[in-house]
Structures are given as structure tokens and as C-alpha cells.
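As C-alpha cells, the structure follows; a few thoughts come after it.
Keep in mind it's a predicted model, so treat the numbers as computed, not measured.
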Amino acid sequence: MGHTATEQAGSGGLTATEHRLANGLRVVLSEDHLTPVAAVCLWYDVGSRHEVEGRTGLAHLFEHLMFQGSAQVTGNGHFELVQGAGGSLNGTTSFERTNYFETMPAHELELALWLEADRMGSLLTALDDESMENQRDVVKNERRQRYDNVPYGTAFEKLTAMAYPEGHPYHHTPIGSMADLDAASLEDARAFFRTYYAPSNAVLSVVGDIDPEQTLAWVEKYFGSIPSHDGKQPPRDGTLPDVIGGQLREVVEEDVPARALMAAYRLPHDGTREADAADLALTVLGGGESSRLYNRLVRRDRSAVAAGFGLLRLAGAPSLGWLDVKTSGGVEVPSIERAVDEELARFAAEGPTPEEMERAQAQLEREWLDRLATVSGRADELCRFAVLFGDPQLALSAVQRVLDITPEEVQAVAKARLRPDNRAVLVYEPTEQNDAADTEEGQADQ
């Protein structure tokens with residue numbers, strides 16, 4: 001094993017060491033003896049961008065299958081063992097990765113490492129038609145409950161499909177389609193596991209009240225014998241022009257409680273100064289109740305009940321600036337859109353004020369420090385920077401990079417990217433039934 005240990009500028013004294021097993025597994029350790037807990041985080045370099053047409057949703061389906069038992073742990077045993085030891089756990093899937101994580105009392109760290117190693121090394125032993133069908137139904141119900149049957153639930157799916165053209169690896173979201181979930185076979189799942197759930201395609205971070213030498217010994221003991229295997233193809237190229245080149249638009253008539261304007265702007269890739277500048281721009285414009293859009297639309301005009309603007313950071317494709325405005329009363333969307341465009345144009349022309357810049361940097365600094373202050377948050381960020389950017393140490397200097405951005409950089413990215421010809425727009429209009437119900441309720445209240 002080789003390792004590095006570096007205290008980064010702006011890291012608040014936090015350090016991390018990196019090691020690599022013979023089978024390719026990267027291990028990142030960060031000691032923190034403030035509280036007697038330890039976090040284990042395992043990132044696999046596989047997300048929905050690695051999927052192919054006709055087999056969308058496999059990465060997310062596999063997130064669920066990983067909790068269905070392995071050679072030594074049957075059924076729901078992973079949850080039962082972790083929670084029985086006083087820990088918490090979960091897993092998530094995104095465009096760019098799948099992660100699994102546990103936060104344990106420090107003296108139960110070995111259990112978490114053994115559990116993660118057992119399913120990495122032996123999940124196929126337990127994967128059968130019954131567990132496949134069970135989790136296929138779970139994922140389909142999740143899609144119904146979180147996407148298909150809730151107000152505005154498909155907005156994210158619709159906007160990403162517009163912002164990333166047909167055939168682009170980010171065109172579909174991690175949840176996948178019902179048809180593709182139905183079409184996935186047990187052999188599809190087994191092949192997916194063999195391709196992506198390999199030590200050489202993963203980063204393991206352990207953060208908290210740990211003894212690094214003992215932790216490494218456990219990692220070697222439980223993960224070291226898992227064979228490495230190849231066969232993974234690199235994800236398809238996600239490169240796109242900086243600007244969409246025209247406004248894409250869709251009107252959706254659904255049973256929603258209020259009209260809404262949502263938009264996705266194509267912004268710089270994560271890991272760049274331009275992405276940090278974009279994050280600051282969106283924070284000034286729509287990051288909370290002190291932002292320009294909130295003050296204009298909610299406080300001054302009273303034309304909206306909510307207005308926010310945030311950044312979906314992506315490394316393998318352009319990031320997305322996500323605008324979400326819910327109208328108030330009978331306000332029409334065109335008036336909201338005009339006000340938004342006025343504020344964006346004014347910001348592009350003038351840039352942030354010193355006060356806005358200071359407030360936005362303080363807000364992002366606090367969010368970053370909140371993440372790094374918890375053992376689970378730091379473990380996740382160390383994995384993220386290791387998988388997506390090749391260097392976990394970058395997580396410890398992220399705060400300083402945000403603070404180094406200048407007002408001129410913020411203005412430049414707003415001027416270049418926050419334009420009407422660089423967005424996909426989704427307009428929600430309530431159905432006639434919903435309008436009628438609102439009218440009847442208003443008459444009853446009088």
C-alpha cells in the first residue's frame with residue numbers, strides 16, 4: 001500500500017491519507033476523535049450515465065439489490081445488523097455514481113467494513129429471481145410515489161431530457177423508465193454487477209474516531225481477497241456546447257396546486273472555477289430569502305409564493321442551473337418570466353454588489369463546513385473528489401476555492417450562461433378540474 005497525507009489550505013486542520021490495495025481498491029482515511037463514531041462510505045464509479053438505451057434504471061435497481069443479502073448475510077440482514085449495533089445506513093444513485101454508507105459507534109467499525117466487503121465480494125451468490133422481482137417492484141413503486149403521482153414530480157425528468165439531447169448519457173434520469181425496469185433480466189443484473197462492482201472501480205472512505213493502522217488491517221482482511229475484474233467501458237462522452245443555442249420549451253397541464261415556471265440553464269462542469277462562480281451567481285440570485293429573485297417576486301411583486309435558483313453540479317457533462325418559481329393567486333407565468341429575465345439581465349450587466357458577494361460566499365462556506373464537520377459528510381466528499389476528480393484531498397480545500405472567486409468571475413459566468421437562449425423551460429398550468437376546485441373553495445370561504 002502507498003499513501004499520502006496532506007493538510008490542505010482552508011481545510012481547518014482536517015487531513016486525509018490515501019492507500020490502495022493490490023486489487024485496485026482505493027482507501028481514504030480521515031481521523032476525527034471529537035466523538036466516538038465512524039463513518040464508512042463506499043462509492044462505485046457507476047451511475048445512470050453508464051447505462052445504455054433499453055436498460056435504463058439498472059444502476060438504481062442495483063442500489064436496492066445490494067440490500068437483499070449476500071453470501072454471509074441473508075435477506076434484510078444488512079439493515080438489521082447495522083441498526084442493531086446502533087448505526088444508520090443507506091445508499092443512493094445519481095447520474096455519476098452509486099454510493100453506500102454507514103455511520104457506526106466507533107467500536108462497531110469492523111462490522112460495517114465486513115458487511116460492505118461481503119456484498120462486494122459475494123452478492124451474486126445471493127442474487128436470484130425472487131430478490132430481483134421483489135426489488136423491481138420496490139423501484140417501480142418508488143417511481144410512482146416520487147415521480148409519477150406527485151405534483152411537479154416529473155419536472156426533473158422532463159427538464160433533463162430537454163437540456164441533454166436524445167442519445168446523450170445524461171438524457172435519462174437514474175430512476176429509469178417503467179418499460180426498461182420490466183425488461184431487465186436477472187442476467188442483465190449479474191452482468192452489471194460483474195462489470196461495475198469491482199474493487200478497482202470503487203473508493204472506500206472511513207472517517208471518524210478510528211485507529212488508521214487497525215482500520216487498514218481490517219480493510220485488507222475483508223476486501224483484499226476480492227478479485228479485481230475488468231470489462232468496464234468508459235462512460236459515453238457528455239461534452240456539449242457551452243450554450244444550448246435556443247430556448248427549449250414545454251407546457252404541462254396537470255393537476256398541480258399552482259402555476260409554475262421551471263428552467264434548466266446549461267452551466268460549467270463541476271470541478272472548475274467557473275462552476276464555483278456559477279454557484280455563487282445562483283446563490284445571489286435565488287439562494288434563500290435574501291436573494292434577488294425572492295425579494296423581487298415574493299416580497300416586492302407578490303407574484304410568487306416561492307422562488308429558488310440552485311446548481312446541480314455534474315462532472316461528466318455541463319452542470320444545470322435549476323430555477324423553480326411557484327406563482328401566487330391568478331398570476332400568469334409570462335409576467336413571472338419577464339421579471340426573471342429582467343433580474344438576470346441586470347445581474348449580468350452589473351454583477352454582484354460587495355454585500356451580495358460576501359453573503360453568498362459566507363452561505364456556501366457554511367454549507368461546505370457543515371458537510372465537512374460531520375464524519376458522514378466528510379466521508380462522502382472524500383469519495384466524491386476521489387471518484388470524479390481523482391484526488392480526495394480536493395475536498396479539504398473546496399471552501400478556499402469558493403472564497404477565492406472574484407465578483408468579476410461571477411458576473412462573467414452570469415453574462416455568458418444565464419440567457420434565454422441557454423435554457424430549457426417547463427411551464428406548469430393547472431388542469432381545468434383543479435381550477436374549478438379552487439373556484440368552488442374560494443366561493444365557500446366567502
*What about the rings of His78 and Phe67, do their centers lie closer together than 6.0 Å?*
yes
*Between Glu381 and Arg384, is there a side-chain N and carboxylate O pair less than 4.0 Å apart?*
yes
*asked:* For the aromatic rings, using the six-membered ring if either is Trp, is the centroid distance between Tyr265 and Phe309 under 6.0 Å?
replied: yes
*Decide side chain to side chain contact (heavy atoms under 4.5 Å, CB included) for Thr35 and Asp209; before the verdict, give the C-alpha distance in whole Å, the side-chain angles of both, and the deciding distance to 0.1 Å.*
CA-CA 7 Å; Thr35 55; Asp209 188 17; over 6 Å; no
*In chain order, what residues pass the salt bridge (Lys or Arg N to Asp or Glu O under 4.0 Å) check against Asp380, with sequence neighbours excluded?*
Arg371
_Value rounded to 0.5 Å, distance of OG in Ser376 from CG in Leu89_ = 12.5 Å
*Is NZ or CZ of Lys415 both nearer than 6.0 Å to the six-membered ring centre of Phe347 and within 45° of the ring axis?*
no
*Any ion pair linking Arg292 and Glu342 (charged N to carboxylate O, less than 4.0 Å)?*
no
*Find out whether Leu29 and Val219 are in side-chain contact, i.e. whether some heavy atom of one side chain is under 4.5 Å from a heavy atom of the other.*
no
_Tell me every residue that passes side-chain contact (heavy atoms from CB on, under 4.5 Å) with Asp370, counting only those two or more places apart in sequence or in another chain._
Arg366
_Sequence neighbours excluded - salt bridge (Lys or Arg N to Asp or Glu O under 4.0 Å) pairs with any residue from residues 233-247_ = Asp242-Arg417
_Could you walk me through whether Ser205 and Arg26 satisfy the side chain to side chain donor-acceptor pair (under 3.5 Å) test, starting with their C-alpha distance in whole Å, then the side-chain angles of each, then the deciding distance to 0.1 Å, before giving a yes or no?_
CA-CA 8 Å; Ser205 67; Arg26 296 173 68 186; over 6 Å; no
*Sole residue of Trp322, Tyr170, Tyr147 in ring pair (Phe, Tyr, Trp, His ring centres under 6.0 Å) with Phe156*: Trp322
